[in-house]
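Below is one structure; the comments refer to it alone.
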Amino acid sequence: MCSLWRGSLLTLTSSLNRRVFQCCRQFGRSYNIASCMPEAVAFQGVSDHSGLYKFSVNESDRFWGAVARQRLSWISPFHTVQNCDFSQGKIKWFEGGKLNVSVNCLDRHVHTCPERVALIWERDEPGTEVKITYRQLLELTCRLGNLLKRQGVRRGDCVTIYMPPCPLAVASMLACARIGAAHNVVFAGFSSEALADRIRDAQSSTVITVNQGVRGGKVVDLKRTVDQAVQNCPSVQQVLVAMRTENTVAMTDRDVPLEEEMMKEDVVCEPVAMDSEDVLFLLYTSGSTGKPKGLVHTQAGYLLYTSLTHRYVFNYHDGDVFGCVADIGWITGHSYIVYGALCNGGTTVLFESTPVYPNPGRYWEMVERLEINQFYGAPTAIRLLLKYGDEWVQNYNRSSLKTLGSVGEPINTEAWEWYHRVVGDGRCPVVDTWWQTETGGICIAPRPADPEAEIVPGMAMRPFYGIKPALLDTEGGGGGALCISQAWPGMARTIHNHHQRFTETYFQPYPGFFFTGDGAHRSKEGYYQIVGRLDDVINVSGHRLGTAELEDVVNQCPAVAESAAIGYSHDIKGEGECLPKTRSGKIMRRVLRKVVERNTDELGDLSTLDDPDSVHEVIRGHRRLR
Ligand code: 6R9
């Protein structure tokens with residue numbers, strides 16, 4: 001591992017760009033710490049942001065205790081702020097406390113502002129968005145919670161959700177939280193095999209899906225994928241099917257028409273009092289070896305951390321429209337589209353489409369139409385869009401924008417500059433947010449709410465409150481393996497059913513530290529730049545793929561004795577992995593066979609390929625091998 005990061009550091013793309021952007025001058029030079037974080041008034045001696053950061057790491061019990069009491073609604077108070085021991089991989093926060101996450105995300109806002117819009121469902125077809133108020137979302141959640149109970153789902157069970165971003169997907173997540181079940185959201189682009197693996201590992205008896213998805217003008221048969229998956233999942237007793245399109249799909253005895261059945265349920269569903277450390281959800285992510293890991297996040301700490309980072313990293317204020325274009329199937333969707341945003345009473349966008357549908361102006365047309373204030377997206381999309389030229393951006397009014405966020409992979413200087421200069425008209429801070437499924441929420445970001453904050457293009461900059469990074473195995477020049485030296489409330493608690501793998505992966509490489517798997521660089525000012533993975537995880541378009549998973553698939557070909565998957569640098573996607581895949585993640589073997597047989601004139605229908613160019617790359621690669 002150590003030699004690997006050295007290699008990565010050598011490829012550090014840009015030397016630190018010294019141009020620095022000051023942001024958030026609107027607070028002026030003198031400011032009141034209470035206006036930034038009300039709890040801070042009670043922290044003795046804290047008068048500015050750097051003091052507040054120091055307090056958050058040096059007095060972390062007092063910091064997190066105060067913030068948790070202030071920001072979450074508790075059914076009963078916690079008695080211990082934290083009880084953590086990295087050597088055993090033991091992470092516990094707010095023990096003794098009881099709360100319900102759905103009450104924090106819904107009921108308390110329904111009391112104060114029932115008609116505020118909670119969700120804007122930006123459907124695939126522009127201009128057909130649907131708005132759901134907090135009152136409506138609570139009703140949907142309660143009906144669904146009651147339906148799940150009627151179907152036999154109990155506290156502690158795990159429900160698998162295979163749905164594109166839509167209000168019923170969010171209501172399903174919150175319904176689980178309301179009745180004390182955990183959820184396992186699987187990205188609705190994954191294949192039936194990947195879905196089946198995750199259902200089996202989570203031992204779900206219930207799967208929630210839609211008849212069909214709609215994305216980029218194309219209809220995707222999601223229910224059919226679920227049907228294939230559950231054939232190999234004996235634990236599944238029922239599949240709840242919502243209707244995203246009007247097309248009927250074959251229903252079996254196991255299938256339950258979701259809308260029809262939930263309308264029979266009551267709009268009141270008693271929230272269960274959950275312990276702080278009960279499981280909120282599992283989310284599977286790729287590791288460098290073996291099967292995907294079901295990372296476990298729990299109730300209170302996760303909710304607190306996502307809401308605090310949502311508020312301060314993006315400078316989110318009441319009434320703002322938060323536009324995160326990730327899918328709910330990734331941690332970014334969980335933490336910032338759903339939990340962080342709703343815990344803060346925010347209005348949050350659910351984006352169903354693609355950056356180029358119906359044209360490359362889609363994001364910015366949406367920003368104008370929905371008056372989005374914070375836009376949060378991935379560098380891969382920014383790199384793609386900048387190639388289409390500035391006009392697609394400039395055609396639309398983006399004056400509502402206040403903060404631009406980036407996540408998922410390093411953002412190169414060209415993309416950063418374009419995002420800042422063209423999309424944000426040079427006036428919106430760009431926050432490059434570094435974090436992982438494992439960290440639950442953003443750990444390193446510029447913090448625009450800090451009036452003193454400066455931002456260096458392409459740098460994630462500074463640790464968030466409570467985060468104490470450490471670079472280990474340093475070799476001069478300020479680079480090293482990025483670790484975090486003390487616990488924070490948002491971190492994952494274990495890997496579902498594999499606690500030993502959890503400790504081995506994250507706590508044994510550097511005893512006493514949480515190891516992130518990334519390499520980073522620290523400037524003399526103390527700002528962080530993330531270099532990328534040190535292990536065999538490949539990052540394609542911001543999505544994590546394990547080399548072992550790719551090799552597993554390749555090795556299934558009878559002619560293949562051994563294989564090795566590697567990432568190579570790709571202009572738009574960060575890294576490429578060279579295989580022609582359908583949008584649902586299936587590798588098109590028939591295409592590979594034709595290439596190997598040198599029948600490239602008879603490749604057949606390539607319309608379901610996610611990236612038709614990948615075939616040409618394979619052809620070119622094969623020619624070189626010959
Ligand atoms: C949130 C998310 C995590 C991995 C992480 C790192 C890469 C994420 C980044 C970044 C550089 C950033 N990563 N954000 N690299 N700069 N701002 O993406 O979670 O899917 O678990 O991926 O993504 O390599 O370790 P996840």
Side-chain angles (χ1 to χ4, degrees), residues 119 121-125 130 144 158-176 183-202 204 206-231 233 236 239-245 247 249 255 258-259 281-286 292 294 324-335 337-338 349-355 357 378 381 408 437 540-545 549 581-587 608-611:
L119 307 177
W121 182 22
E122 172 69 3
R123 299 180 343 143
D124 195 44
E125 220 42 63
V130 173
L144 258 169
C158 181
V159 173
T160 294
I161 299 173
Y162 186 71
M163 295 168 111
C166 61
L168 281 175
V170 176
S172 299
M173 295 164 78
L174 294 170
C176 290
H183 58 71
N184 163 33
V185 181
V186 179
F187 171 57
F190 276 147
S191 66
S192 61
E193 292 87 353
L195 174 60
D197 270 350
R198 288 158 174 76
I199 294 174
R200 273 195 302 266
D201 194 75
S204 290
T206 303
V207 177
I208 312 181
T209 190
V210 294
N211 63 336
Q212 297 180 311
V214 184
R215 192 163 175 267
K218 295 189 191 121
V219 171
V220 194
D221 286 315
L222 295 179
K223 165 71 162 54
R224 192 190 296 162
T225 308
V226 173
D227 286 343
Q228 285 163 1
V230 299
Q231 278 174 10
C233 300
V236 174
V239 177
L240 275 50
V241 186
M243 296 294 282
R244 167 62 184 87
T245 67
N247 303 327
V249 288
D255 300 331
L258 184 132
E259 288 93 341
F281 64 85
L282 312 185
L283 188 61
Y284 286 82
T285 189
S286 298
C324 169
V325 290
D327 192 282
I328 50 157
W330 311 116
I331 190 69
T332 305
H334 281 59
S335 299
I337 300 177
V338 182
V349 175
L350 293 163
F351 183 65
E352 188 182 44
S353 195
T354 82
Y357 183 76
T437 307
V540 182
S541 302
H543 298 153
R544 280 165 69 166
L545 300 172
E549 288 167 84
K581 284 190 178 174
T582 64
R583 267 226 26 260
S584 62
K586 284 208 190 84
I587 294 169
T608 58
L609 277 182
D610 186 35
D611 171 17

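Side chains included, hydrogens not; waters and symmetry mates left out as well; all remaining heavy atoms used.
- Put simply, OG1 on Thr160 and CG on Leu195 are 7.0 Å apart, with the number rounded to the nearest 0.5 Å.
- Residues Thr245 and Asn211 bring a donor and an acceptor atom of their side chains to less than 3.5 Å of each other.
- No side-chain heavy atom of Ile161 sits under 4.5 Å from any side-chain heavy atom of Val186.
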- Does the side-chain contact (heavy atoms from CB on, under 4.5 Å) test come out yes or no for Phe281 and Met173, once each step is laid out? CA-CA 9 Å; Phe281 64 85; Met173 295 164 78; over 6 Å; no
- Task: Verify side-chain contact (heavy atoms from CB on, under 4.5 Å) between Leu240 and Thr206, making sure each step is shown before the conclusion.
- Result: CA-CA 7 Å; Leu240 275 50; Thr206 303; 4.0 Å; yes
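- Nearest approach of Asp124 to Ser353, heavy atoms of both residues: OD1-OG, 2.6 Å.
- Between Ile337 and Leu350, some side-chain heavy-atom pair lies under the 4.5 Å cut-off.
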- Message: Set out, in order, the CA-CA distance, both residues' side-chain angles and the distance that settles side-chain contact (heavy atoms from CB on, under 4.5 Å) for Thr225 and Ser191, then state yes or no.
- Response: CA-CA 7 Å; Thr225 308; Ser191 66; 5.8 Å; no
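- For Arg224, the CZ atom sits in a loose shell: 12 or fewer heavy atoms of surrounding residues, nucleotides or ligands are nearer than 6.0 Å.
- To the nearest 0.5 Å, atoms CG (Leu222) and OH (Tyr162) are separated by 5.5 Å.
- Rounded to the nearest 0.5 Å, atoms CD1 (Ile331) and OG1 (Thr285) are 9.0 Å apart.
- With values rounded to the nearest 0.5 angstrom, His183 atom NE2 is found 10.0 Å from Ile208 atom CD1.
- Looking at heavy atoms from C-beta onward, Ile199 lies in side-chain contact with Val207 at the 4.5 angstrom threshold.
- Across Pro167 and Trp121, no two heavy atoms sit closer than the pair CD-CD2, 3.3 Å.
- Comment: Lys223 engages Asp255 in a salt bridge, judged by a side-chain N to carboxylate O separation of less than 4.0 angstrom.
- Between Arg215 and Glu352 the shortest heavy-atom distance is CG-O, 3.5 Å.
- Closest heavy-atom contact between Gly329 and Leu283: O-CD1, 3.6 Å.
- Counting only distance, with no hydrogens or angles, the side chain of Trp330 and the backbone of Thr437 share no donor-acceptor pair below 3.5 Å.
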- Item | Test log, rule side-chain contact (heavy atoms from CB on, under 4.5 Å), inputs Leu258 and Leu144 | CA-CA 8 Å; Leu258 184 132; Leu144 258 169; 3.9 Å; yes
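- We find the NZ-OH distance between Lys218 and Tyr357 to be 10.0 Å, quoted to the nearest 0.5 Å.
- At a cut-off of 3.5 Å, with distance as the only test, a side-chain donor of Tyr284 or Asp201 sits close to an acceptor on the other residue.
- Within the 4.5 Å cutoff, the side chain of Gln212 has no heavy atoms near those of the Val220 side chain.
- In terms of heavy atoms, Pro164 sits closest to Gly213 at CG-CA, 4.4 Å.
- Here the straight-line distance linking atom CE of Met163 with atom CG of Asp327 works out to 12.0 Å at 0.5 Å rounding.
- For the pair Arg198 and Phe190, the cation-pi criterion (under 6.0 Å, within 45° of the ring axis) is fulfilled.
- Counting heavy atoms from C-beta on, the side chains of Cys324 and Thr332 come closer than 4.5 Å.
- The shortest heavy-atom contact between Cys158 and Ser204 is O-OG, 2.7 Å.
- At distances below 3.5 Å, at least one donor-acceptor pair connects side-chain atoms of Glu259 with backbone N or O atoms of Met243.
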